[in-house]
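The chains referred to below are lettered A, B, ... by the order of the sequence lines, with proteins before strands, and numbering in each begins at 1.
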Amino acid sequence: MSYAYLFKYIIIGDTGVGKSCLLLQFTDKRFQPVHDLTIGVEFGARMITIDGKQIKLQIWDTAGQEAFRSITRSYYRGAAGALLVYDITRRETFNHLTTWLDDARQHSNSNMVIMLIGNKSDLESRREVKKEEGEAFAREHGLVFMETSAKTAANVEEAFINTAKEIYEKIQEGVFDINNEANGIKIGPQHSPTNPSLPGAGGAGGSQGSSCC
Amino acid sequence: MFSRFKNAVIGAVSGLETNGIPTPNDPHSYNKQTLAPKFLYGRPAFLNLSEDEVQMSADHRLRPIIHPSMSLPHHAGYAECVNAGKSKWNEDQAVYRQGVLTRVEYNDKQGVQKFSIPYTYYGIFDGHAGVGAALCAANQLHHILHEKLVDAQDDIWIAFSEKKRLKTKPSDLLITGALEAAFKEMDQVIAEDRTKYQAAGGCTALVALFILDKLFVANAGDSRAIICKDNKFTLMSMDFTPENERDRIRRLAEQQPNLLGQEFTSKEYVRPPKSSELGKTVMYRDAHMSGWAYKTLQVDDLKVSVITGQGKRSRVMGIIGVTRGFGDHDILSLYQRTPIKPFLSSHPEVQVHKITNVTENEVLVMGTDGLWDVVCGAKAAEVVAKSLNTFMEKERYVSAATCLVGSARGSLVNEHSWQLKDGKPSSADDISVFVIPLLPYKLEYEKLLGKYSETAESS
């Protein structure tokens with residue numbers, strides 16, 4: 001499948017916050033209540049459309065377990081986008097965000113777009129972290145914020161696609177050097193600016209599920 | 001079609017990336033580069049990687065640690081990562097197989113009875129000077145071994161069913177023999193393929209075979225197997241490097257000096273003699289000697305020792321750093337192009353380990369030298385024990401394998417340098433690791449024993 005751009009994403013956050021479930025919902029449109037522990041890193045991919053252009057998202061879903069931290073740190077490098085995930089029903093996962101963010105800032109390129117995600121929004125009754133707190137954290141650290149539910153799929157598409165839109169805008173503004181793959185962006189093999197873009201009504205569009213893990 | 005083309009390119013590219021081993025550049029070998037590869041390049045089949053993921057796995061800047069997405073037998077662990085840029089593709093290969101030896105018996109009471117002896121096979125192969133030989137071994141060695149085991153299965157069965165009456169251990173020798181014969185044949189197959197397929201390079205071979213109440217570890221090369229148990233380890237193989245095989249190679253050189261060409265000598269000198277020292281007295285030893293003696297330096301003594309260098313840098317004829325394995329049929333010394341293959345061997349050392357007393361925390365770790373170059377046995381046992389304590393049954397062995405690869409790979413500290421936590425350089429080589437629990441094979445054997453004694457009693 002040809003694409004105009006490939007964006008590399010990384011998903012980070014404490015263990016059990018639903019990183020792999022978010023990925024599965026995004027790539028396969030399904031929810032798996034009991035998910036195997038992620039070991040090291042697993043991969044996912046999906047095609048989206050932004051501004052009429054086919055964009056392939058290559059997603060590195062990392063293990064939240066402390067045992068893998070030194071391994072997964074090396075994967076931040078060369079990511080254009082990061083989803084930093086916490087669980088709204090477990091305050092400690094929110095408290096650890098600063099550590100994750102420091103890690104991400106230290107090991108990634110400075111232009112990486114970071115989306116803060118409060119997951120499990122379907123579990124309102126067990127909520128421990130207010131939406132406002134997430135918003136405030138995001139504001140303070142210059143992140144985009146969203147609450148999602150990997151179970152009901154609420155905001156899952158938006159989280160992945162809005163991150164891609166931000167990256168796309170940065171490309172248009174010339175912030176990213178797209179010829180340097182270290183930025184997590186690759187120009188598609190058949191992409192040429194003179195080619196009319198593929199049809200698509202702009203914004204979020206067609207998807208091509210292709211789970212691999 | 002595309003992938004065929006792509007793989008032909010890969011083969012051609014890797015032919016040039018020889019890890020220090022020059023590709024022979026006579027016209028014949030050039031023609032060989034235009035032949036198709038025997039097996040298309042890929043990562044181990046059980047990893048089930050898409051074409052995209054194969055590309056991602058070869059990212060030298062990220063060196064992602066890949067593990068299987070499906071469980072291996074008894075949740076055995078595997079993990080690998082690509083080198084830091086010394087060759088485009090990961091030249092290690094790995095494989096596992098489960099096979100069955102079936103025996104049909106007939107008796108008057110019960111009619112036809114079928115007995116099965118299951119076995120499990122794991123192999124890792126570290127390729128050099130191309131990806132071909134390791135791919136051949138990963139695709140073919142288990143088939144060859146199965147044939148050899150089938151040849152021996154009646155005798156293996158008799159030894160198993162009537163073992164109380166037999167004092168010797170014939171089935172050990174039969175299985176060891178099957179492994180030895182299979183290794184030899186694998187090397188011959190690669191030799192015969194030279195006229196038909198693209199130059200294959202060479203590879204090391206480390207195989208673990210679980211059958212009945214034993215684990216057989218067959219090794220030809222510098223990959224290594226250890227058994228870990230609660231922070232302790234036992235070596236299950238020896239590394240076949242020029243340094244460790246000094247005696248074998250120098251004796252062969254002494255017995256057949258014609259193999260040395262005009263360039264090399266089987267003698268060793270305390271320090272390399274110079275032409276300015278001709279006529280002076282130097283200290284030397286011959287292949288059969290353990291001590292040193294004196295001689296007058298002659299022109300013939302100015303030849304290079306067949307084995308040079310120390311440790312990781314030791315070489316046969318100045319070229320190859322591993323002395324056993326498959327392939328390398330065409331490698332020649334650099335200057336006078338003397339064939340090196342006669343000094344290499346495909347013969348494995350086979351170690352046998354009884355698994356009837358193993359405990360829950362005992363695992364077999366098999367790794368290519370990418371692991372062992374920077375992780376010692378004690379460190380490996382420590383990493384394994386930590387994973388075994390941290391994770392549940394389903395994840396613990398894959399986690400152990402992943403952490404082992406991680407502790408050899410380290411992290412990229414600047415654009416080009418991979419380091420370990422303590423600041424020492426990490427392994428820049430391809431790294432592949434199996435972590436295999438031993439207890440399930442003991443239980444499997446007890447089940448087989450129970451099943452057999454039931455049928456034996458009822459008949």
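You'll find the side chain of Leu62(B) reaches within 4.5 Å of the side chain of Trp60(A), heavy atoms only. The shortest distance between side-chain heavy atoms of Phe43(A) and Pro64(B) falls below 4.5 Å.
Screening residues 109-119 of chain A for side-chain hydrogen bond (donor to acceptor under 3.5 Å, both in side chains), with sequence neighbours left out, gives Asn119(A)-Thr148(A).
Among the candidates Gly406(B), Ser399(B), Ser411(B), the residue making the largest number of heavy-atom pairs closer than 4.5 Å to chain A is Ser399(B). Between chain A and the options Arg61(B), Met56(B), Lys394(B), heavy-atom pairs under 4.5 Å are most frequent for Met56(B).
Within 6.0 Å of NZ on Lys170(A) lie more than 12 heavy atoms contributed by other residues, nucleotides or ligands. Within a 6.0 Å radius of CD in Glu360(B), no more than 12 heavy atoms belonging to other residues, nucleotides or ligands are found. For CZ of Arg69(A), the number of neighbouring non-hydrogen atoms (other residues, nucleotides, ligands) closer than 6.0 Å is greater than 12.
Atom CG of residue Leu37(A) and atom CD of residue Glu395(B) lie 4.5 Å apart, to the nearest 0.5 angstrom.
Scanning residues 75-88 of chain A against chain B with a 4.5 Å non-hydrogen threshold yields Tyr75(A), Arg77(A), sorted by number.
Of the atoms belonging to Leu49(B), not a single heavy atom falls under 4.5 Å from chain A. Within the 4.5 angstrom heavy-atom criterion, no atom of Lys386(B) approaches chain A. The contact between Asp52(B) and chain A is made entirely by side chain atoms (from C-beta outward), counting heavy-atom distances below 4.5 Å.
In terms of heavy atoms, Ser70(A) sits closest to Arg409(B) at O-NH2, 4.3 Å. Cys403(B) approaches Ala67(A) most closely through the heavy-atom pair SG-O, 4.2 Å.
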What side-chain donor-acceptor pairs closer than 3.5 Å can you find for residues 71-82 of chain B, not counting sequence neighbours?
unit_1   : atom_1 : unit_2    : atom_2 : d
Ser71(B) : OG     : His75(B)  : ND1    : 3.1
His74(B) : NE2    : Glu444(B) : OE2    : 3.0
Tyr78(B) : OH     : Glu80(B)  : OE1    : 2.6
Glu80(B) : OE1    : Arg43(B)  : NH2    : 2.9
Glu80(B) : OE2    : Arg43(B)  : NE     : 2.9

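A donor-acceptor pair is defined here as one N or O able to donate and one able to accept, closer than 3.5 Å; no such pair exists between the side chain of His67(B) and the backbone of Gly40(A).
Looking at residues two or more places apart in sequence or on another chain, you find a salt bridge (Lys or Arg N to Asp or Glu O under 4.0 Å) between Asp369(B) and Lys312(B).
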| request: Could you go through the side-chain contact (heavy atoms from CB on, under 4.5 Å) check for Ser74(A) and Leu412(B) one step at a time? | output: CA-CA 7 Å; Ser74(A) 64; Leu412(B) 191 61; 5.8 Å; no
| task | Evaluate side-chain contact (heavy atoms from CB on, under 4.5 Å) for Ile65(B) paired with Ile71(A), printing each intermediate quantity in order. | result | CA-CA 8 Å; Ile65(B) 300 174; Ile71(A) 289 172; 3.7 Å; yes
